[in-house]
Peer 1: 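A single structure is presented below for examination.
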Amino acid sequence: MDVRARSHFLTDIIDADRAASRHGGLVRTRFPPEPNGYLHIGHSKAIALNFGLARQYQGACNLRMDDTNPVTEDVDYVQSIERDVAWLGGRWDGEVRFASDYFPEMYALAERLVREGKAYVDSQTVEEIRAGRGDFNRPGTDSPFRNRSVDENLDLLRRMRAGDFADGAHVLRARIDMAHPNVLMRDPLLYRIRHAHHHRSGDAWPIYPMYDYAHPLEDAIEGITHSICTLEFETNRELYDWVVDHTGPWDPRPRQYEFARLALGYTVMSKRKLLQLVKDGHVEGWDDPRMPTLAGIRRRGVPAEALLELAEMVGVAKHNSLVDIGKLEFCIRGDLERRCKRALAVLDPLPLTLTNWPDDLVDSLSIPWWPNDAAAGSREVPFRKQLLIERDDFAESPPDGWKRLAPGREVRLFGAYFVRCDGVERGAQGEVTGLRCTVDLHSRGGAAPDGRHPSATLHWVDARAAVPCEARLYDRLFSVEQPDAEGDFIRHLNPNSLTTATAHVEPALARAQPGDRYQFMRLGFFVADTVTSTPGAPVWNRTITLRDTWTRPADRATSQPARADRSKSGQVTAAADLEAAFAAAVDADGELRALAEGHGLSKAALGRLASDPERLQFLRDALQAGAPAELGLRWLQNEVAGALAGRPLRQLPIDPAGFAAFVRLVADGKLAHAAAKQVLGPWLARGGDAARVAAELGLFGVGASTIDVAVADVLAEMPNELSRLRAGETKLVGALLGAALRKVKGADAAQVRAALLRAVG
RNA sequence: UGGGGGAUCGUCUAAAGGCAGGACGGCAGACUCUGAAUCUGCCUAUCUAGGUUCGAAUCCUAGUCCCCCAGCCA
């Protein structure tokens with residue numbers, strides 16, 4: 001797996017953590033599949049991310065089976081997961097880990113939570129628990145068992161562990177808050193009783209931990225620093241943190257981050273749906289080459305590198321997206337293009353007879369495996385009077401733009417001779433059953449002495465020497481881009497996702513080994529199937545067709561993404577009305593109106609700020625302390641309020657008088673607008689005298705001479721821009737101004753602009 | 001409806017407040033012993049409305065739309 005330098009929000013986080021030397025600068029990630037199904041292409045993104053991050057930061061990545069639910073998990077899946085991760089190049093640190101190996105430690109921590117009063121045994125039924133949880137609109141209600149004594153809880157928990165109770169008799173719950181706005185935090189279940197055989201721990205445990213309890217502990221126990229999961233777990237993070245915080249201290253203390261999972265068009269990704277495809281016989285198994293499972297994709301002939309390339313291409317972000325299947329196809333073709341030898345095979349044969357070729361003569365042509373690199377090896381290909389070409393390559397009445405064979409036309413047979421079609425042979429219904437051609441004997445090897453160029457080069461095989469093999473032609477499994485958008489996804493199955501043909505391959509290919517890949521020229525990339533091939537009789541899976549800009553498959557031209565309507569036209573909003581309402585509110589309040597009119601403030605702006613009484617009072621006090629009114633209002637509302645991020649003003653270490661002094665700095669021109677913005681952050685964090693912060697940051701004292709020097713430097717560095725500006729491209733003022741402003745951080749933009757315009761003339 | 005997230009070309013993604021960039025795709029051309037590959041050029045975007053600023057995708061305000069959460073699954 002390559003180390004890619006690409007950055008995204010996770011590398012930003014890790015960079016920041018390392019800069020702060022959190023966890024001693026170490027990075028440990030993990031890939032934690034549940035062994036209850038096969039890995040699919042969606043997982044390849046997570047694998048590439050977790051293992052890639054570990055490599056990129058010289059850290060480590062664990063492979064961990066999240067096996068906390070014995071009823072769905074199986075050791076077969078464990079093996080397939082290991083194989084698939086390794087195939088993708090994932091090199092996990094140490095042995096494969098199993099959540100089940102941590103059951104003793106998890107249980108000990110559960111007893112600790114009980115002892116500390118943070119967990120209790122609940123003996124309600126499933127229904128009662130569900131009812132007690134409330135819903136989005138109603139808070140939950142406390143369980144009647146919520147206040148059991150520590151001793152009773154401990155006793156019950158130990159008997160649960162000992163196997164004294166039947167499934168469902170009790171559960172262990174965290175004692176958090178049944179009225180919590182996040183439903184997950186309403187006393188979540190930690191353990192349930194499940195008398196089931198575990199594929200690994202056997203019958204040692206009659207109780208099993210729930211995901212929300214187990215997962216953070218698995219991370220903490222393994223020393224994971226960055227626990228990366230998919231977006232749907234965002235809500236779980238609060239509980240993740242609760243568990244970590246109440247079972248620690250942990251060092252490193254793991255943090256959960258969420259990214260958008262990979263969704264691909266023309267396929268389904270959920271384990272449930274994949275299982276259904278297998279169980280109901282819509283495909284031939286988990287490794288059916290049409291399946292998006294890694295096993296299926298691998299058998300289809302797709303190289304792991306193509307999947308990693310795709311992961312790289314789609315990036316890592318935090319919003320749900322549906323990746324165009326064309327991107328995957330691009331990655332596959334790009335990889336195979338570089339990887340595969342070129343061979344000759346005909347899928348839908350049309351016999352062709354060379355009327356001027358001696359009956360028994362066999363020419364043995366040496367054709368390079370790589371047309372662009374003859375030195376990279378070649379093979380012998382027989383050529384005889386009776387040949388086979390692709391039926392598609394002949395048209396009796398060719399359409400406009402037709403370059404291939406037609407009556408009276410000449411084409412080149414790849415690596416062999418030029419042939420001209422003289423006539424056709426017909427069957428009983430008048431259909432074309434064969435072609436009569438003459439060969440130009442001087443064009444051996446594919447070039448004519450007179451230098452003429454046929455309009456097309458066709459693939460072909462020797463009719464007698466060709467080896468018939470089964471070819472399985474795969475296409476997309478579904479006929480719509482979002483099969484699971486609505487209704488039953490099964491009805492969108494593409495009936496033509498698999499068609500079988502007899503390929504007539506050149507003799508050299510009869511010796512292909514399972515897993516060997518070739519490009520069948522002008523047809524696509526094929527791989528000798530690893531399951532059904534037999535010695536001397538390979539079965540060919542078509543991995544993907546070649547890109548075709550001549551005939552356009554109907555599905556490519558017509559299928560418009562049936563994606564969810566992302567309406568971009570929002571309602572015309574009532575922003576103007578709102579402004580008016582704020583202004584009216586100010587007018588209606590005598591005191592506010594006096595304030596506005598007395599200080600010359602915009603009523604709408606004041607009204608908006610006044611909707612927060614604390615801010616209004618702060619503004620009043622600041623005005624009292626001598627703050628310039630207009631500027632004070634703006635800064636308070638636009639910059640300070642933003643920095644609050646929802647916190648109340650009083651939590652900041654600044655007071656109205658200090659704020660007034662700050663605003664005066666700006667009003668007096670001592671601090672330029674941009675400089676003031678730079679001061680704001682540190683000052684709001686620290687409090688005290690804003691002027692001192694500004695001085696420490698060196699934001700005072702950008703004098704006129706400094707500005708002139710900076711402007712001159714910029715003009716010297718950007719001669720192109722300068723001349724374009726002088727030629728009339730006035731928008732380049734911005735670029736030059738920006739460059740100058742970067743040189744004199746904190747200078748007053750208006751001054752710099754003036755200096756610039758002076759200098760430009 | 002409560003909570004948590006998200007919104008940039010058709011698609012996927014970049015842009016410490018400074019020329020909205022790249023890739024896929026599409027279109028056109030060059031080249032070609034694969035109508036492939038390769039090469040060139042072109043196309044298309046900041047959810048809406050206000051505000052702050054010399055300058056806003058980015059900061060502020062209000063809205064709109066989309067996704068996730070009410071399993072003893074993960």
Side-chain angles (χ1 to χ4, degrees), chain A residues 8 32 34 36 66 68-69 72 126 129-130 133-140 167-168 171 180-184 186 189 191-194 208 210-212 215 231-238 258 260 265 313-324 326-327 330 333 337 342 371-372 401 403-404 412-415 445-447 453-454 456-459 519 521-523 546-551 560-561 564-576 578-579 604-605 608 634-635 637-639 641-642 673-674 677 721 731-735 737-739 741-742 749-750 752-753:
Chain A
H8 42 74
E34 183 190 9
N36 68 346
D66 202 3
T68 57
N69 184 1
T72 57
V126 192
I129 288 177
R130 185 176 303 135
R133 191 145 38 215
D135 58 32
F136 295 153
N137 302 309
R138 292 193 333 270
D167 287 6
V171 290
H180 201 287
N182 178 354
V183 182
L184 276 180
R186 321 240 257 229
L189 273 61
Y191 270 94
R192 76 281 214 187
I193 299 172
R194 189 136 294 177
Y208 291 91
M210 302 289 292
Y211 168 86
D212 281 311
H215 206 90
L231 248 28
E232 68 268 26
F233 290 99
E234 278 172 327
T235 319
N236 301 63
R237 187 176 57 237
E238 194 170 14
E258 308 87 17
M313 184 182 268
V314 302
V316 180
K318 266 185 93 73
H319 61 266
N320 288 306
S321 55
L322 179 63
V323 173
D324 185 347
K327 288 187 172 61
F330 172 84
R333 291 193 179 105
E337 168 69 30
R342 271 49 171 184
N372 300 322
K403 298 189 353 186
R404 310 173 191 177
R412 169 167 43 222
L413 297 182
F414 183 85
H453 286 280
T457 301
L458 307 185
H459 57 280
Q519 183 195 111
M521 291 194 73
R522 307 209 307 132
L523 292 175
L546 258 31
R547 187 162 170 271
D548 183 357
T549 52
W550 169 245
T551 54
Q560 277 306 313
D565 179 31
R566 280 201 207 167
S567 172
K568 287 188 176 175
S569 58
Q571 291 289 105
V572 175
T573 60
L578 199 75
E579 295 282 297
R608 183 152 56 202
R634 274 195 225 146
W635 276 85
Q637 185 66 12
N638 287 345
E639 307 295 339
H673 182 86
K677 280 195 176 183
E721 285 77 2
K731 66 175 186 176
L732 284 170
V733 170
L737 180 61
L741 284 171
R742 279 192 295 274
V752 178
R753 186 187 175 84

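A, B, ... follow the sequence lines: proteins, then strands. Residue 1 opens every chain.
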Peer 1: Show the distances under 3.5 angstrom between N or O atoms of the protein and N or O atoms of nucleotides 38-43 of chain B.
Peer 2:
none

Peer 1: Would you tell me if any nitrogen or oxygen in the side chain of A/R342 comes within less than 4.0 Å of OP1 or OP2 on B/A36?
Peer 2: no

Peer 1: Base, sugar-phosphate, or nothing: which does A/D66 touch, judged by heavy atoms less than 4.0 Å apart?
Peer 2: sugar-phosphate

Peer 1: Under 4.0 Å between any heavy atoms, over every strand shown, what does A/V314 touch: base, sugar-phosphate, or nothing? Just pick one.
Peer 2: sugar-phosphate

Peer 1: Nearest 0.5 Å please: distance from the CG atom of A/N36 over to the CG atom of A/D66.
Peer 2: 9.5 Å

Peer 1: Could you measure between the two P atoms, the one in B/C66 and the one in B/U8, and give it in whole Å?
Peer 2: 14 Å

Peer 1: It should be established whether A/R333 places a side-chain nitrogen or oxygen under 4.0 Å from OP1 or OP2 of nucleotide B/A37.
Peer 2: no

Peer 1: Counting only side-chain nitrogens and oxygens, does A/R192 get under 4.0 Å of the OP1 or OP2 atom of B/G71?
Peer 2: no

Peer 1: Return the CZ to CH2 distance between A/R404 and A/W550, rounded to the nearest 0.5 Å.
Peer 2: 7.5 Å

Peer 1: Of A/K327 and A/M521, whose closest RNA chain B nucleotide lies nearer the 5' terminus?
Peer 2: A/K327

Peer 1: Would you say B/G71 has OP1 or OP2 under 4.0 Å from some side-chain N or O of A/R130?
Peer 2: yes

Peer 1: Check this one for me: any side-chain N or O of A/R186 less than 4.0 Å away from OP1 or OP2 of B/C69?
Peer 2: no

Peer 1: In terms of side-chain heavy atoms of A/H8, which of B/A14, B/C12, B/C72 is nearest?
Peer 2: B/A14

Peer 1: Between B/C27 atom P and A/W550 atom CH2, what is the distance in whole Å?
Peer 2: 14 Å

Peer 1: At 4.0 Å (heavy atoms only), tell me whether A/G168 reaches a base, stays on the sugar-phosphate, or touches nothing.
Peer 2: base

Peer 1: Heavy atoms only: give me the nearest A/T457-A/L413 pair and the separation to one decimal.
Peer 2: CG2-C, 4.5 Å

Peer 1: Reckon A/R237 touches a base, only the sugar-phosphate, or nothing at all at heavy-atom distances under 4.0 Å?
Peer 2: sugar-phosphate

Peer 1: Find the distance A/L184:CG to B/G4:P and express it as a whole number of Å.
Peer 2: 13 Å

Peer 1: Heavy atoms only, 4.0 Å cut-off, all strands: where does A/Q519 land among base, sugar-phosphate and nothing?
Peer 2: base

Peer 1: Taking the nucleotide of RNA chain B with the closest heavy atom to each, which residue, A/T457 or A/K318, is nearer the 5' end?
Peer 2: A/K318

Peer 1: Calculate the interatomic distance between A/L322 atom CG and B/A7 atom C1'; express it in whole Å.
Peer 2: 16 Å

Peer 1: Picking from B/C73, B/U13, B/G35, which would you name as closest to the side chain of A/A317?
Peer 2: B/U13

Peer 1: Without swapping roles, check the side chain of A/N182 against the backbone of A/T235 for a donor-acceptor pair under 3.5 Å.
Peer 2: yes

Peer 1: Has the side chain of A/R412 got a donor or acceptor atom that lies under 3.5 Å from a matching backbone atom of A/G446?
Peer 2: yes

Peer 1: Measure from the side-chain heavy atoms of A/N69 and tell me the nearest of B/A70, B/A37, B/A74.
Peer 2: B/A74

Peer 1: Is the distance from OP1 or OP2 of B/U13 to the nearest side-chain N or O of A/S321 less than 4.0 Å?
Peer 2: yes

Peer 1: Which listed nucleotide (B/G4, B/G35, B/C72) is nearest to the side chain of A/E234?
Peer 2: B/G4

Peer 1: What's the spacing between A/D212 CG and A/F233 CZ if we round to 0.5 Å?
Peer 2: 8.5 Å

Peer 1: Report the distance from atom CZ of A/F136 to atom P of B/C67, rounded to the nearest whole Å.
Peer 2: 14 Å

Peer 1: Quick one: label A/N236 by what it contacts on the DNA or RNA (base, sugar-phosphate, nothing), any heavy atom closer than 4.0 Å.
Peer 2: base

Peer 1: With a 4.0 Å limit, can you tell me whether A/R547 has a side-chain N or O closer than that to the phosphate oxygens OP1/OP2 of B/G35?
Peer 2: no

Peer 1: Classify the nucleic acid contact of A/L189 as base, sugar-phosphate or nothing, counting any heavy atom under 4.0 Å across all strands shown.
Peer 2: base

Peer 1: Would B/G71 be called syn or anti here, given the cut-off of 90° from 0?
Peer 2: syn

Peer 1: Contact class for A/T72 (heavy atom, under 4.0 Å): base, sugar-phosphate, or nothing?
Peer 2: nothing

Peer 1: Once you apply a heavy-atom cut-off of 4.0 Å, does A/K403 come out as touching a base, just sugar-phosphate, or nothing?
Peer 2: base

Peer 1: Can you tell me how far C1' in B/U44 sits from the matching atom in B/U11, rounded to whole Å?
Peer 2: 12 Å

Peer 1: Between A/R186 and A/R133 (side chain of the first, backbone of the second, donor and acceptor by atom type, cut-off under 3.5 Å), is there such a pair?
Peer 2: yes

Peer 1: What distance, rounded to whole Å, do you find between the two P atoms, one in B/G22 and one in B/G35?
Peer 2: 31 Å

Peer 1: From NZ of A/K677 over to C1' of B/C54, roughly how many Å is that when rounded to an integer?
Peer 2: 12 Å

Peer 1: Rounded to whole angstrom, note down the C1' distance from B/G25 over to B/C9.
Peer 2: 11 Å

Peer 1: Within the structure shown, what part of the strands sits under 4.0 Å from A/R634 by heavy-atom distance: base, sugar-phosphate, or nothing?
Peer 2: sugar-phosphate

Peer 1: Which whole-number value in Å describes the distance from A/E232 CD to B/G6 P?
Peer 2: 15 Å

Peer 1: Apply the side-chain hydrogen bond (donor to acceptor under 3.5 Å, both in side chains) test between A/E34 and each candidate in A/T68, A/T72, A/N69; give the one that qualifies.
Peer 2: A/T72

Peer 1: Taking side-chain contact (heavy atoms from CB on, under 4.5 Å) as the definition, give me every residue that meets it alongside A/N638, ordered by chain and number, with sequence neighbours left out.
Peer 2: none

Peer 1: For the CE atom of A/M210 and the OH atom of A/Y191, what is their distance to the nearest 0.5 Å?
Peer 2: 12.0 Å

Peer 1: Atom CE of A/M313 and atom P of B/G22: how far apart are they, to the nearest Å?
Peer 2: 15 Å

Peer 1: Please answer whether the main-chain N or O of A/R138 pairs with a side-chain N or O of A/D135 as donor and acceptor at a distance below 3.5 Å.
Peer 2: yes

Peer 1: Please work out if A/G401 contacts a base, only the sugar-phosphate, or nothing of the nucleic acid, heavy-atom cut-off 4.0 Å.
Peer 2: base

Peer 1: Does A/H319 put a side-chain nitrogen or oxygen below 4.0 Å from OP1 or OP2 of B/C68?
Peer 2: no

Peer 1: Using the P atoms only, state how far B/A49 lies from B/A57, rounded to an integer number of Å.
Peer 2: 13 Å

Peer 1: Touch check for A/Y191, heavy atoms < 4.0 angstrom, all strands: base, sugar-phosphate only, or nothing?
Peer 2: nothing

Peer 1: Determine the Euclidean distance between corresponding C1' atoms of B/U48 and B/C65; express it in Å to zero decimal places.
Peer 2: 10 Å

Peer 1: Indicate yes or no: does A/E337 engage A/R547 in a salt bridge with an N to O separation below 4.0 Å.
Peer 2: no

Peer 1: Please state how far atom CG in A/L231 lies from atom P in B/C66, giving the value in whole angstrom units.
Peer 2: 17 Å

Peer 1: Taking the P atom in each of B/A56 and B/A20, what is the distance between them to the nearest angstrom?
Peer 2: 11 Å

Peer 1: Mind checking the P distance from B/U40 to B/A23? Whole angstroms is fine.
Peer 2: 10 Å

Peer 1: Mind checking the CE-CG spacing from A/M521 to A/L546? Nearest 0.5 Å is all I need.
Peer 2: 9.0 Å

Peer 1: Stems involving RNA chain B: give each as a range paired with a range, ordered by first number, where a stem means at least three consecutive Watson-Crick or G-U wobble pairs under 3.5 Å.
Peer 2: B:2-7 with B:64-69, B:10-13 with B:21-24, B:25-30 with B:38-43, B:47-51 with B:59-63

